[in-house]
Structure formats: structure tokens, C-alpha cells
2 protein chains.
Amino acid sequence: MAKKPVKIDDVAREAGVSKTTVSRVLNQRGYLSDETIAKVQQAMEKLNYRPNAIARQLYKQETKLVGLIFPTIDDPFFGQLEAALENELYRRGYKVLMGNSQNNPEKERSFLRQLLNRQVDGLIVGAHNQAINEYQRTSLPIVSIEQIVSRNVPVVASDNYNGGLLATQRLLDDGCQHIIHTNYPEDIPTPNHERRLAYEDLLRQHGQTPITYHISFDDPVAKKRAIIRQIFRDHPEVDGIFADNDTNAGLIMNIAGEFKRLIPEDLRVVGYDGANATRVLLPQLTTIQQPIDQMAKRAVAMLQARINGEQVSSTMLPVKIIDGGTA
Amino acid sequence: MAKKPVKIDDVAREAGVSKTTVSRVLNQRGYLSDETIAKVQQAMEKLNYRPNAIARQLYKQETKLVGLIFPTIDDPFFGQLEAALENELYRRGYKVLMGNSQNNPEKERSFLRQLLNRQVDGLIVGAHNQAINEYQRTSLPIVSIEQIVSRNVPVVASDNYNGGLLATQRLLDDGCQHIIHTNYPEDIPTPNHERRLAYEDLLRQHGQTPITYHISFDDPVAKKRAIIRQIFRDHPEVDGIFADNDTNAGLIMNIAGEFKRLIPEDLRVVGYDGANATRVLLPQLTTIQQPIDQMAKRAVAMLQARINGEQVSSTMLPVKIIDGGTA
DNA sequence: TTCTTTATGTCAACCGGTTGACATAAAATG
DNA sequence: CATTTTATGTCAACCGGTTGACATAAAGAA
């Protein structure tokens, strides 16, 4: 039997004042005697009063909630990114409403529609879906990460093209003659393609023919493994692989073992992301590290500015190469 | 200049009906002519009307929000767990408010207090903090995962003791003579200690002396590495290690390399958790796998039951050993 | 023809806080 | 002593939906 929750009138009655007075104590507004404050606080304590956040939100027209829409949270990169976002938002008094789109447009749209109902004060988006026009028709402050969502949504990205250059250059410097790249299917728009472009440009400059194998983020692991095995079968001459993320790089390293290739002697590998979790489990992996925590900080700062009504423009942050031993 | 949001009265005026009629269309209540429905929907479309979720929540006294309080999300185990929880909750019409306590009692308490203000319909908790009495003083439906929060909060756990037995038994079966264990400091209450107890019990039965090194989840990686190096220095005779989580197992494998130990020839390793991300990056690791997805499903089902006012009791789910090659 | 039942719609109270407008008394100022 | 300022508190409207109670008309049943 749930007993009726205590409301502000109950506190007022208990303390022998009006509800406005209680509200004033709660919000520290106007003139109040210490005596009154004490009385009210005692009453609140006694009744274990908890102000109803929803009622306040309705009046104030703000929820202090920010929605995060990302493909998933079960991934070293997105996990670290969302953790950093949550942390930074919390510092500024915001709580986080998490939505994993799982690259399911249906889910993303439904999620978005709900949040647009003045359920959140702002949105940070890193999901891979296009064709969701809701993003354009809203006046809700939005910032996107590594993803172009709509003309009027500022983007925080890292320098993907340069990352692609760094990775490819490293393999070239190592003397690799047959460098292969893995990336998303080209019809899925993601900033990862910048990495591929850099790879292709640089490889052509060096007279090599770029070869890209397509591995989708959402493919089941078994399929990813199958594609990678195919690389070794199709191109036994491969001596360098630039993977567009560290998970794929990890798979490549494992499968190289199956094919009796020693790393880095027979095969050099460069990954991408450099998230903490991967750095811990695969410290030997040479990878391009994105400044995940800074990206989160920047995105939150930009969102805050937009919520405050300021205009902000997109930013690009630098990446760097981390030397493991695989390249 | 933010234009005033459209409210239900605007739609009513546009459609030439009362606001109640609009609300009925929205909620499909009572009798409505197709004609009226069409009129109203056209008006909503035309004005791009979005019902204010907060107002509805205030009246309905439910938010369809569930709070998740966990130490962090940037971890293979918790990442997968929270992803599964989000997924399952979404299926049932709930959205997720995420709170990472980072094992900071201050943050956890503050977070909790806010959510208790009828901001969420329920709570799923897996944070490591004790001494937070707010958990006991609330009538909010709560379920905890792998954590004893309060007498009246049901727990979903996996069979940690058996997990400890399986891991230790495997190392014994492999013929290890000097088995060492890593676990939390003993003053931090966590179900991991069950794993340690199993290890100690079994080892004593076999006439070996249990030795546990303490590595806290929140220790910086450098410190974790230092502790692990100490193991090899203190006990060069070690030939088997049972780590209380896969991240530590990964670190151990790396550091074993530093000390020129071959795995599994010189040193056998068994980890714990068996989360997807770790399985992908370290498929060679033999580990005790927790049924993460089932734990999430179970927890959500239990929470739903509690929200519906039903009584539920704690559950324990089985674990199994996954054969990699490290033991 | 009278009484139900069905169809359609309106009114106003309510959810639980917040705050502008206003009242009153005491203290400070001229 | 009159006037302004400071201190303290009350009233009622408002945020934006939802819904029980109630009105009215048309169709069906007795």
C-alpha cells in the first residue's frame, strides 16, 4: 500500500506557514527569517518531504536533462565517449537520458520523437542514421559528434583525414608494399570515410593500389571474422593493414595468428580510436588515437552555449598516433 | 527568437473543437467520429504540434523513466550490461536515465536524491557504494544487480561462488601448483569476494595456500600494472592466476610477457566476466562468463513486477567457463 | 410514444510546484 | 511625525496536459 506522497501543502501545514513560504525556503527567494527557515526545514525533515521534480519542470519549462543518441554503448569508443559526456554534463547540472539507436532508424526516430516533446533541454547525437528529418524540424539545441546530422547542427569531429594519413604513412614508412584497409560500406555515411580517402590518396601517391574491405560496425563478429579471413585468402601478399577501428584491428591480429603471420614481422597493423579499454587490453597495438575526452568536453560546452541561445560553429580536434609495436 | 511552442489549445482552436477532444484523439479515448479525428490530426500536422511530455507526466504521476546507477559505463562488463538493460527497458516502453557513480559516494547520493524526486518510475542499481541510506527510506521500486543495497531491494546476481570454484578447479586440473588470485580490497563489499572465498576454500582443500593480491576497480591502470608486476616479483614460482575480471586478466597476460612467461606453458590464466568486447579482443582468454544479457532481462522483469506492485525475490543465475587457451 | 443505449462533445477540476501582485508591520530616514 | 525602506507572509494564477461529470442528439428497443 503506497502511502500518499508528501506535498508542499503538507509541509506548509506542518510548519504553520503558506505553501509559498515553503517554496521560498526551497528556492531561497525573497526575505525569510532564520526562524521561519528553521521551522520549514524541520517540517520537511519530519515528513521526509521530496519536492516533485516534474511539477517544477513543468513550470520552469526546463528539465535539466540532455539526451544522448548513439549507436550503442557497448563499445570501447562509444563507452568512453558517453562516460565522458555524462561526467561533463553532470558537472554542469545536467542528467543524461541515454538512447542507443543500434543503427535502427525505427528506434532512433521513435526515441527522437519522444525526446523532442520537451522532455530534454538538449541533445547530443552520434548515431549513424540519416533520413531522419525530425532533426531539421526542431528548434531543440543539438550538437553532433563525428556525424553530419543537419545543416543547422554543429559538429564536433576529430581530424579523420589526417588520422588516415598518419596511419597510412606509418605503414609506408615501415616499408609495407601491400597495404589493405578496412572500412564501412560506402553507402553508410560516416566520418570514417575520410580515413579511407586519406589512405587512398596517399597510397596512390606512392604508386600503390588501394584496396578496401568493407566491415560494418553492426555486423556480427562472426561475419567480421569471415571478411578478415577473406582478406588473407584474397591477398596473401598483404604486409600492412590499416583498420578503421581498434576492434577490427584486434580481430585482424587474432586471425593473422590463424594464418601463421607474425606481427609485426610478417604483417604490420594500425588501428583507430585508441580508447582506454582497448589500450589496456591491447597495449601492443599501434593506433590513431582520437581525443575522446576533449571531444566530449567540447561537445558539452557547445551544447551549453546553444542552450544559452548563443551561436556556435563546428570544431575539429587533432588526432595522434600511439606507438604500440604492431607498426 | 524562440517562437512559442504550440499547445493543445492552439490545436483545438485550429480544428474548431475543444481541447478535451484533442486530448481524446491523442489518447484514443471515448467516442470520436472519423471526421473529427481527421480534422484534429490535420490541425496537429499543420501546426507541427508536439504534446508536452512533462505535463502528461505530472498528471499521470509516471515518467516511463528508469534510472540506472552503476560505477561507470566505460568497461566491457558494465557497458554490455547497461546496453542490455537499455534495450530491454526500451522494449517495455521505458527510457533510461543514466548515472555513473564512479564509486564516488557524493555523486551517487546526489544523483539518487534527484531521481527520488519522482523523476523516475524505478531504479536499477549496481554501484558499489554502501552507507547510502537513501536507498532504504524510499518506496521507489528498486532492483539491484550483483550488489546488496538494502534489505528490501531484490538482487539479481550470478553464481559467484561457483564461478570461483570453476576457475580454481580448472587451474588445479591443469596441474598448477602455485595459484594466485586477484580481487578487490576486502573492505570494499562486492560479490567478487564470493569468488575469492571459493578460491580459498578449494585451494585449502588441495593443500595449497591461497594468496590474494588486491586490485581495486578504480585504481588507475598504472597502479594495477604495478601490483601485477609485484606478483611476479614476490612469487616467481607462480604458475596459475585466477583474475577476478577480464581486464585484470588482460593486464596479467601482457605483463607475463614482460617477465618472459609463456602462456599457457609457463603460466595459466583464468579471467572473469566474459563480456562480448573482451571476448572479441582476447578470444584466447579462458574465463568465467557471466550471463550478462539474461541478468539484464531478469532485472528488468523484476523491476517491472515491482512497479506493478508485485512482490519479487532475489535470483541467482549460473555462470559457465569459456575455453580460450590460457588455461 | 417513452425509455435506453450509443455517439459526440464541452466544462472545469486536478497533477504539484512557482511567482507576480499585494498586504501588513517594523525599522530607518528626513 | 510623515515617509520610505526592509522584513515577512498570503493569494491566486499559471505551466500544459488529462479525465470524470455532464449535456445533447440520434438510433434502437419496449
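Values in this document were obtained by computation on a predicted structure and should not be read as measured data. Reminder, nothing fancy here: chain letters follow the sequence lines and each chain counts from 1.
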Enquirer: Identify whether any heavy atom of A:Ile54 sits under 4.0 Å from a base atom; if not, whether one sits that close to sugar-phosphate; answer base, sugar-phosphate or nothing.
Expert: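 The residue A:Ile54 makes no contact with any strand.
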Enquirer: Does anything in residues 13-25 of chain B reach DNA chain D, meaning a heavy atom under 4.0 Å, and if so which residues?
Expert: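 Within this stretch, B:Lys19, B:Thr20, B:Ser23, B:Arg24 sit under 4.0 Å of the strand.
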Enquirer: Flag the pair A:Arg298 / A:Val312 as yes when at least one side-chain heavy-atom distance between them is below 4.5 Å, and no otherwise.
Expert: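 Sidechains of A:Val312 and A:Arg298: no contact.
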Enquirer: In terms of the nearest nucleotide of DNA chain C, which residue is placed more toward the 5' end: B:Arg118 or B:Lys39?
Expert: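 Of the two residues, B:Lys39 wins.
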Enquirer: Which is more 5' along DNA chain C, the nucleotide nearest B:Lys60 or the one nearest A:Leu26? Just name the residue.
Expert: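 Here B:Lys60 is the residue nearer the 5' end.
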Enquirer: Does B:Asp121 have any side chain to side chain donor-acceptor pair (under 3.5 Å) partners at least two apart in sequence or in another chain, and if so, which?
Expert: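 Result, side chain to side chain donor-acceptor pair (under 3.5 Å) vs B:Asp121: B:Thr63.
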Enquirer: Any chance the side chains of A:Ser144 and A:Tyr135 put a donor and an acceptor closer than 3.5 Å?
Expert: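 On atom types as modelled, these side chains do not qualify, holding no pair under 3.5 Å.
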Enquirer: Enumerate the residue pairs fulfilling side chain to side chain donor-acceptor pair (under 3.5 Å) with a member in residues 15-25 of chain A, sequence neighbours excluded, ordered by first and then second residue.
Expert: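 Sorted pair list: A:Ser18-A:Thr21, A:Ser23-A:Asn27.
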Enquirer: Name all residues meeting the salt bridge (charged side-chain N to carboxylate O under 4.0 Å, His left out) criterion together with A:Arg137; count only those two or more places apart in sequence or in a different chain, and write none if there are none.
Expert: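 In terms of salt bridge (charged side-chain N to carboxylate O under 4.0 Å, His left out), with neighbours along the sequence ignored, A:Arg137 is linked to no residue.
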Enquirer: Assert yes or no for the condition that the ring centre distance of B:Phe217 to B:Phe78 is strictly below 6.0 Å.
Expert: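 That pair passes the under 6.0 Å test.
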Enquirer: Nearest nucleotide by nearest heavy atom, which residue falls closer to the 5' end of DNA chain D, A:Asp34 or B:Asp9?
Expert: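 Looking at DNA chain D, the more 5' nearest nucleotide goes with A:Asp34.
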Enquirer: Under a 4.0 Å N-O cut-off, is there an ion pair linking A:Arg13 with A:Asp10?
Expert: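 Yes.
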Enquirer: Contact boundaries of DNA chain D with chain A (under 4.0 Å, heavy atoms), 5' to 3'?
Expert: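 Under 4.0 Å from chain A, the extent on DNA chain D is D:dA7 to D:dG16.
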Enquirer: With A:Lys60, which residues qualify under salt bridge (charged side-chain N to carboxylate O under 4.0 Å, His left out), at least two apart?
Expert: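 Counting only residues at least two positions away or on another chain, A:Lys60 forms no salt bridge (charged side-chain N to carboxylate O under 4.0 Å, His left out).
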Enquirer: Could you pull out all residues at least two apart from B:Arg91 that satisfy salt bridge (charged side-chain N to carboxylate O under 4.0 Å, His left out)?
Expert: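 So B:Arg91 forms a salt bridge (charged side-chain N to carboxylate O under 4.0 Å, His left out) with B:Glu88.
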Enquirer: So what is the end-to-end bend of the helix from C:dT1-D:dA30 to C:dG30-D:dC1, with 5 pairs used at each end and the value given to 10 degrees?
Expert: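 Its terminal axes enclose an angle near 40°.
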Enquirer: Search all heavy atoms of B:Leu58 against all heavy atoms of A:Leu58 and return the closest pair with its distance.
Expert: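 For B:Leu58 versus A:Leu58, the nearest heavy atoms are CD2-CD2, 3.4 Å.
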Enquirer: Residues of residues 41-49 of chain B with any non-hydrogen atom less than 4.0 angstrom from an atom of DNA chain C: list those, numerically ordered, please.
Expert: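 Nothing qualifies; none.
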Enquirer: Could you list the residues that satisfy side chain to side chain contact (heavy atoms under 4.5 Å, CB included) with B:Gln42, not counting sequence neighbours?
Expert: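 Result, side chain to side chain contact (heavy atoms under 4.5 Å, CB included) vs B:Gln42: none returned.
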Enquirer: How would you list, by chain and number, every residue that makes a side chain to side chain donor-acceptor pair (under 3.5 Å) with A:Ser314, sequence neighbours excluded?
Expert: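 By the side chain to side chain donor-acceptor pair (under 3.5 Å) rule, A:Ser314 matches no residue at all.
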Enquirer: How would you list, by chain and number, every residue that makes a salt bridge (charged side-chain N to carboxylate O under 4.0 Å, His left out) with A:Arg29, sequence neighbours excluded?
Expert: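 Counting only residues at least two positions away or on another chain, A:Arg29 forms no salt bridge (charged side-chain N to carboxylate O under 4.0 Å, His left out).
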